[in-house]
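Report on one structure; see the data block that follows.
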There are 2 protein chains.
Amino acid sequence: MGSARSDRISPLAVKRLSLYLRCLEELAQQDQTTVSSRQLAKALGLTDAQVRKDLAYFGQFGRPGVGYAVQDTVTRLRVIFGTQKDWEVAVVGVGSIGRALLGFKGFGQRGFRLAAAFDKDPAKIGRKIGGVLVQSAGELAATVRKKRIRLTVLAVPAQAAQEVAEALCRAGVKGILNFAPVRLNVPDDVAVVPVDLGSLLQQLSYFVTAAQAGNQTHPGVRRDLT
Amino acid sequence: MGSARSDRISPLAVKRLSLYLRCLEELAQQDQTTVSSRQLAKALGLTDAQVRKDLAYFGQFGRPGVGYAVQDTVTRLRVIFGTQKDWEVAVVGVGSIGRALLGFKGFGQRGFRLAAAFDKDPAKIGRKIGGVLVQSAGELAATVRKKRIRLTVLAVPAQAAQEVAEALCRAGVKGILNFAPVRLNVPDDVAVVPVDLGSLLQQLSYFVTAAQAGNQTHPGVRRDLT
DNA sequence: GAGTGTGAATTCTTTCACAGCG
DNA sequence: CGCTGTGAAAGAATTCACACTC
């Protein structure tokens with residue numbers, strides 16, 4: 001109960017916080033022990049005030065006149081993100097994207113361990129991809145429960161996504177990284193982060209189109225949706 | 001000169017606009033001819049006022065009492081995004097992610113054509129993946145120019161990203177979908193949309209952690225960063 | 001009645017600017 | 001001094017609410 005008072009949470013801030021963590025981890029690796037809000041801000045394309053506000057939200061982080069202790073802050077941020085210890089992650093749907101993620105090393109470095117994979121195509125079941133055994137969709141609920149998997153990557157075709165998401169929720173999953181281009185309807189206690197690659201490319205093409213065509217008509221296009 | 005006056009542009013609105021387009025394309029396929037802001041809003045988890053404002057920004061789209069003509073609006077949105085005709089896209093870096101994107105059919109449906117792929121690993125050069133020939137990094141500039149490629153997917157390791165991005169910009173690329181977990185420094189007329197998968201998973205784990213641990217301390221966690 | 005477009009009101013975020021600590 | 005933490009100010013984005021159209 002004794003923890004910091006909680007005024008308001010800034011949704012976008014979470015995104016930035018994860019950038020701070022990434023940056024601080026790099027600095028730690030270079031044995032830098034201390035960093036100022038200014039430095040962080042410059043590295044990430046933000047303002048120093050923004051960085052301070054974000055960090056201060058979770059309590060006192062820095063020391064005036066000195067800055068932020070790199071290693072310390074990394075530790076505290078990891079606690080905030082819950083990544084002091086690894087999360088087990090399941091990949092559901094082993095198409096081109098699912099397969100790529102199973103072979104992707106970036107997750108391991110950030111505290112995520114690919115612990116299971118599922119597909120309903122018999123040709124894929126039983127194979128090992130990136131060291132992970134592909135199981136049948138039918139085994140999903142049991143495996144998720146047994147391994148206490150809370151986070152999943154959903155990479156099934158759009159038509160199947162809602163149905164599979166519901167199965168995941170029933171099995172106790174609490175977070176879904178959704179690559180299917182549909183909005184998922186899930187219970188309130190389940191978080192969904194959408195990653196619609198088509199939509200992202202489209203945003204790019206918008207900025208490119210707006211920049212060239214409407215050079216004058218859209219003077220204020222911003223190009224960073226970090 | 002004769003086009004609509006341009007008050008202000010809403011950066012986040014672009015993201016939503018691309019959702020409207022996706023949704024409208026689906027409706028068109030189901031032969032629905034007309035749709036109200038309310039319906040769109042419900043399907044995408046937004047408010048109706050939001051939908052109207054966004055669409056109205058580009059001029060009169062809807063008819064009072066009726067709604068928006070689905071097919072018409074799709075056409076107009078495509079013009080706004082510049083996707084009436086296909087864009088040629090290059091994939092740079094054919095690791096696990098690059099390979100996946102080459103095999104990903106979602107792009108084609110949204111007006112993007114994978115037209116080239118590059119890597120510096122000799123073992124990959126000369127192969128065809130997803131119907132696309134992998135070329136050497138050295139051929140990048142020439143090919144990008146010859147095929148007039150404006151959009152690229154950057155999927156090289158983090159350390160190489162900045163350098164490759166600069167080469168892309170020099171070759172005339174105007175938009176980069178960046179999968180490398182680093183902030184790219186590019187000229188003002190080049191758009192970058194970052195896709196940091198590790199960071200996205202981390203955001204998920206934040207929400208899951210906050211929801212369970214801080215049930216009371218963080219009452220207002222939002223779970224949709226659509 | 002149903003539904004858009006839009007100024008005005010509200011709410012959310014970011015930036016400013018400065019008191020105070022190391 | 002340099003740099004944090006933080007109220008207060010400024011700036012954006014969202015929602016309200018209503019005139020007006022079909």
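Reminder, nothing fancy here: chain letters follow the sequence lines and each chain counts from 1.
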Rounded to the Å, how far apart are [X] [atom1] and [N] [atom2]?
| X | N | atom1 | atom2 | answer |
| --- | --- | --- | --- | --- |
| B:Gln60 | D:dC20 | CD | P | 15 Å |
| B:Lys42 | C:dA2 | NZ | C1' | 15 Å |
| B:Lys15 | D:dT14 | NZ | C1' | 16 Å |
| B:Leu46 | D:dC16 | CG | P | 13 Å |
| B:Asp48 | C:dG5 | CG | C1' | 12 Å |
| B:Tyr57 | D:dA12 | OH | P | 13 Å |
| A:Arg52 | D:dC3 | CZ | P | 10 Å |
| B:Phe58 | C:dT4 | CZ | P | 18 Å |

Are B:Arg76 and B:Phe61 in a cation-pi contact, defined as NZ or CZ under 6.0 Å from the six-membered ring centre and within 45° of the axis?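 Pair B:Arg76/B:Phe61 counts as cation-pi.
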Assess whether one donor atom and one acceptor atom, taken from the side chain of A:Lys53 and the base of C:dT15, lie less than 3.5 Å apart.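 For A:Lys53, whose side chain was compared with the base of C:dT15, there is a donor-acceptor pair (under 3.5 Å).
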Classify the side chain of A:Arg63 and the base of C:dG22 as holding, or not holding, a donor-acceptor pair under 3.5 Å.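 Side chain to base: no pair present.
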Counting just side-chain N and O atoms, does [X] come under 4.0 Å of either OP1 or OP2 of [N]?
| X | N | result |
| --- | --- | --- |
| B:Tyr68 | C:dG5 | yes |
| A:Ser37 | D:dT4 | yes |
| A:Thr47 | C:dT14 | no |

What nucleotide, of [options], holds the atom closest to the side chain of [X]?
| X | options | result |
| --- | --- | --- |
| B:Gln50 | D:dG5, C:dG5, D:dT15 | D:dT15 |
| B:Ala56 | C:dG5, D:dT14, D:dG5 | C:dG5 |
| A:Ser36 | D:dC3, C:dT4, D:dG5 | D:dC3 |
| B:Leu12 | C:dC16, C:dG22, D:dA13 | D:dA13 |

Donor-acceptor contact below 3.5 Å, side chain A:Arg22 vs main chain B:Pro181: yes
Closer than 3.5 angstrom, by distance alone: can the side chain of A:Asn178 be matched with the main-chain N or O of A:Val182 as a donor-acceptor pair? yes
Grab the two heavy atoms, one from B:Ala191 and one from A:Phe207, that are nearest each other, plus how far apart they are. CB-CB, 3.9 Å
Report the residue (B:Arg16 or B:Pro64) whose heavy-atom-nearest nucleotide on DNA chain D is the more 5′ of the two.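 The answer here is B:Arg16.
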Quick check on DNA chain D: between A:Arg38 and A:Ala49, whose nearest nucleotide comes earlier from the 5' end? A:Arg38
Whether B:Trp87 and B:Phe112 hold their rings parallel, tilted or perpendicular, with breakpoints at 30° and 60°: tilted
Starting from the 5' end of DNA chain C, give me the residue, B:Gln39 or A:Asp54, whose nearest nucleotide shows up first. B:Gln39
